[in-house]
Amino acid sequence: MVFKVSRVETSPIDGQKPGTSGLRKKVKVFKQPHYLHNFVQATFNALSADKVRGATLVVSGDGRYYSKDAIQIIIKMAAANGVRGVWIGQNGLLSTPAVSAVIRERVDANGSKASGGFILTASHNPGGPNEDFGIKYNMENGGPAPEGITDKIYENTKTITEYFIAEDLPDVDISSIGVTSFGGPEGQFDVDVFDSASDYVKLMKSIFDFQSIQKLVTSPKFTLCYDALHGVGGAYANRIFVEELGAQESSLINCTPKEDFGGGHPDPNLTYAKELVARMGLDKSKPQSDPPEFGAAADGDADRNMILGKRFFVTPSDSVAIIAANAVEAIPYFSSGLKGVARSMPTSAALDVVAKHLNLKFFEVPTGWKFFGNLMDAGMCSVCGEESFGTGSDHIREKDGIWAVLAWLSILAFKNKDNLDGKDLVTVEDIVRQHWATFGRHYYTRYDYENVDAGAAKELMANLVKLQSSLPDVNKIIEGIRSDVSEVVQADEFEYKDPVDGSISKHQGIRYLFKDGSRLVFRLSGTGSEGATIRLYIEQYEKDSSKIGRESSEALAPLVRTFTMTSISFYFSKFRGTLFMITFFFSVLTQVEVALKLSKMQEFTGRSAPTVIT
């Protein structure tokens with residue numbers, strides 16, 4: 001058949017400004033007439049003609065509710081806008097890192113490569129008819145569209161008057177692998193449905209020593225548990241961990257992708273990955289006699305990760321630092337050395353210390369993976385990460401949850417290459433504690449206040465900026481809260497000048513930096529679908545090796561007298577079960593008290609407690 005191109009009149013719809021990871025709204029918003037169509041057309045109009053007409057695009061995502069409908073709409077609009085071909089992962093499933101890999105690596109039967117792609121995901125946000133949907137565009141380097149493009153997209157949404165669509169193009173069967181071809185005004189248009197995992201697995205096998213990891217995974221002394229939280233990570237888990245590495249199928253939990261993520265919240269943290277947390281022995285109410293040696297979880301689109309050991313939690317900030325410190329020895333891809341390392345501003349300074357120790361280039365960037373991408377494209381960064389459970393490298397231009405899991409398994413395999421026969425295994429906890437002994441420990445926590453009134457959130461942030469005009473006044477306020485807290489020596493709103501293209505990103509978070517190396521950071525998150533999320537980050541650095549493993553009695557002593565039992569019981573309810581977790585969080589309670597009172601969190605938001613603590 002030959003399809004026809006229809007021009008449909010439309011008008012701007014408010015609120016289509018992409019955040020750090022695209023446009024995210026409730027499903028009911030996306031299902032409004034013209035809503036998705038306007039954004040897709042605005043994106044096509046923001047791209048140069050050669051990236052659209054005659055081009056090949058990837059269209060897939062995490063499989064959340066409304067994805068299948070959205071894919072068919074985008075296929076029809078791509079055809080009408082002169083796109084030559086669309087690649088779709090089977091059943092519309094591709095993890096965000098896999099989309100990046102496919103854009104960068106895949107070549108079809110005609111020798112074509114993709115010039116970009118639409119990723120349909122709201123990442124770690126819930127899915128379902130009453131939950132969240134999202135869309136973002138990735139460029140030909142496989143990374144998220146830079147601010148120059150997303151700003152154009154937003155401006156286009158405010159002036160759009162028409163969009164183009166091939167309404168008579170029949171829906172494509174995205175459940176069956178194969179190419180479906182159509183005729184159009186500008187020639188042939190192909191829709192290529194391909195296996196979701198093959199390209200990504202091939203890339204992972206070129207980075208890691210799968211044989212070495214397999215020896216560890218199949219050892220009777222080693223057990224693991226991987227939780228996909230019913231996200232798209234499940235489409236890769238069996239292929240990689242079971243078929244390639246030899247793990248037992250029982251090692252995988254919640255690995256069937258579901259449109260509503262099984263009714264759960266696909267966010268890999270200690271609050272939402274409850275089944276994994278319990279299985280790993282971190283929930284006192286559900287004691288485990290012999291938890292697995294290694295545990296990991298992914299979010300909805302499998303770009304985030306959480307790493308756990310037996311009764312042990314690895315902070316994301318520590319995770320990226322430990323991967324960087326061990327990459328050259330343990331991961332073949334990095335055997336010739338690291339080009340540099342980078343972290344997002346709110347992430348703890350654990351990576352900074354490793355970079356200084358190893359004499360590596362180091363960069364501190366705003367939150368958003370596109371900032372890492374620029375550094376990688378310029379050959380300046382090999383490993384990077386952010387505290388929000390994102391870790392990755394220059395193999396693609398997105399954070400990569402399964403890559404992080406394989407990196408940890410590679411480190412464990414390297415550390416245990418002589419221990420698989422008789423000696424005790426070097427554990428996740430052993431590796432982390434040895435890292436602290438070498439580089440010092442960054443006590444660190446994050447409070448998330450989700451779905452806060454947007455106006456109240458802006459007022460809170462404005463007040464924090466206003467306070468920065470006089471550090472003596474700030475220190476006077478802090479001294480009135482806690483006299484044993486170090487003084488603030490610098491306070492600012494983080495601004496970043498990209499060393500590659502010179503672009504400047506302003507208003508990237510509010511920082512209070514203390515004389516003893518502690519930090520308080522306040523930031524509004526751009527990943528929610530409604531309201532605002534205020535994120536508060538607290539960090540305390542300890543380089544005295546005698547104090548990095550403090551027992552709870554020592555950490556609690558100076559604080560119990562001044563912190564209310566309500567706050568203490570809240571911590572125990574969230575992180576009950578291990579001496580390590582209790583010690584970890586009480587080590588930063590002093591800074592927490594200062595942060596909450598300094599920011600007037602309850603006064604502005606009405607919240608007496610955060611939604612999530614990490």
So which heavy atom on [X] is nearest to which on [Y], and how close?
X	Y	value
K76	E167	CE-O, 4.2 Å
G309	M280	O-CE, 3.3 Å
G233	A228	C-CB, 4.0 Å
P12	I160	CD-O, 3.4 Å
L94	G89	CG-CA, 3.9 Å
M306	A273	CE-CB, 3.8 Å

With no hydrogens and no angle check, do the side chains of [X] and [Y] hold a donor and an acceptor under 3.5 Å apart?
X	Y	answer
H265	N125	no
D377	N141	yes
N305	T391	yes
N38	Q16	no
W369	S21	no
S95	D301	no
Q188	D190	yes
D303	T96	no
H34	Y163	yes
D173	S175	yes

Answer whether the closest heavy-atom distance between the side chains of [X] and [Y] falls below 4.5 Å.
X	Y	answer
E275	N254	yes
V83	T56	no
V201	E244	yes
Y200	E105	no
I174	K68	yes
L120	I71	yes

Spacing of [X] atom [atom1] and [Y] atom [atom2] [to the nearest 0.5 Å]:
X	Y	atom1	atom2	result
W87	L57	CH2	CG	10.0 Å
I253	D227	CD1	CG	4.0 Å
E162	R7	CD	CZ	4.0 Å
F3	I165	CZ	CD1	11.5 Å
F222	S251	CZ	OG	9.0 Å
Y154	D151	OH	CG	10.0 Å

Distance-only, no hydrogens or angles: does the [X] side chain make a donor-acceptor pair with backbone N or O of [Y] under 3.5 Å?
X	Y	value
S525	T533	no
S382	L338	no
S393	V383	no
N156	A42	yes
S219	K215	no
S196	Q90	yes
S100	G142	yes
S335	P332	yes
D108	S112	yes
T43	F39	yes

| task | May I ask you to say whether E386 pairs ionically with R343, meaning some side-chain N is under 4.0 Å from a carboxylate O? | result | no
Worksheet item: Is the shortest distance from a Lys or Arg side-chain nitrogen in D62 or R64 to a carboxylate oxygen in the other one below 4.0 Å?
Response: yes
- Task: For the pair Y226 and F241, name the ring-plane relationship: parallel under 30°, tilted 30 to 60°, perpendicular over 60°.
- Result: tilted
Using 30° and 60° as the class boundaries, would you call the ring planes of Y35 and F30 parallel, tilted or perpendicular? perpendicular
Is the number of heavy atoms from other residues, nucleotides or ligands under 6.0 Å of [X] [atom1] greater than 12?
X	atom1	result
D14	CG	no
E243	CD	yes
K417	NZ	yes

Those residues at least two apart in sequence (or on a different chain) that pass salt bridge (Lys or Arg N to Asp or Glu O under 4.0 Å) with D195 are R239
With sequence neighbours left out, the residues meeting salt bridge (Lys or Arg N to Asp or Glu O under 4.0 Å) with K158 are E155
Checking D209, I411, L245, I207 against L406 for side-chain contact (heavy atoms from CB on, under 4.5 Å), the one that qualifies is L245
Per salt bridge (charged side-chain N to carboxylate O under 4.0 Å, His left out), E398 is matched among K136, R104, R304 by K136
### side chain to side chain contact (heavy atoms under 4.5 Å, CB included) evaluation trace for K399 with I396
CA-CA 8 Å; K399 49 185 172 278; I396 57 171; over 6 Å; no
- prompt: Do R106 and F194 meet the cation-pi criteria used here (NZ or CZ under 6.0 Å from the six-membered ring centre, within 45° of the axis)?
  reply: yes
Between D132 and the options R24, K26, K25, the side chain to side chain donor-acceptor pair (under 3.5 Å) test singles out K26
Worksheet item: What's the verdict on side chain to side chain contact (heavy atoms under 4.5 Å, CB included) for H124 and Y272, showing C-alpha distance, side-chain angles and the deciding distance?
Response: CA-CA 10 Å; H124 55 291; Y272 295 124; over 6 Å; no
query: Which is it for I135 and I119 under the side chain to side chain contact (heavy atoms under 4.5 Å, CB included) test, yes or no, and what are the steps along the way?
result: CA-CA 6 Å; I135 181 171; I119 305 180; over 6 Å; no
As a quick check of understanding, evaluate ring-ring contact (aromatic ring centres under 6.0 Å, His included) for Y65 and F133, giving each step before the final call. CA-CA 7 Å; Y65 183 84; F133 187 75; 8.9 Å; no
- prompt: Given F414 and I331, is the side chain to side chain contact (heavy atoms under 4.5 Å, CB included) satisfied, shown in steps?
  reply: CA-CA 9 Å; F414 177 77; I331 301 172; over 6 Å; no
Chi angles and distances behind the side chain to side chain donor-acceptor pair (under 3.5 Å) call for D400, H395: CA-CA 10 Å; D400 191 344; H395 67 291; 2.9 Å; yes
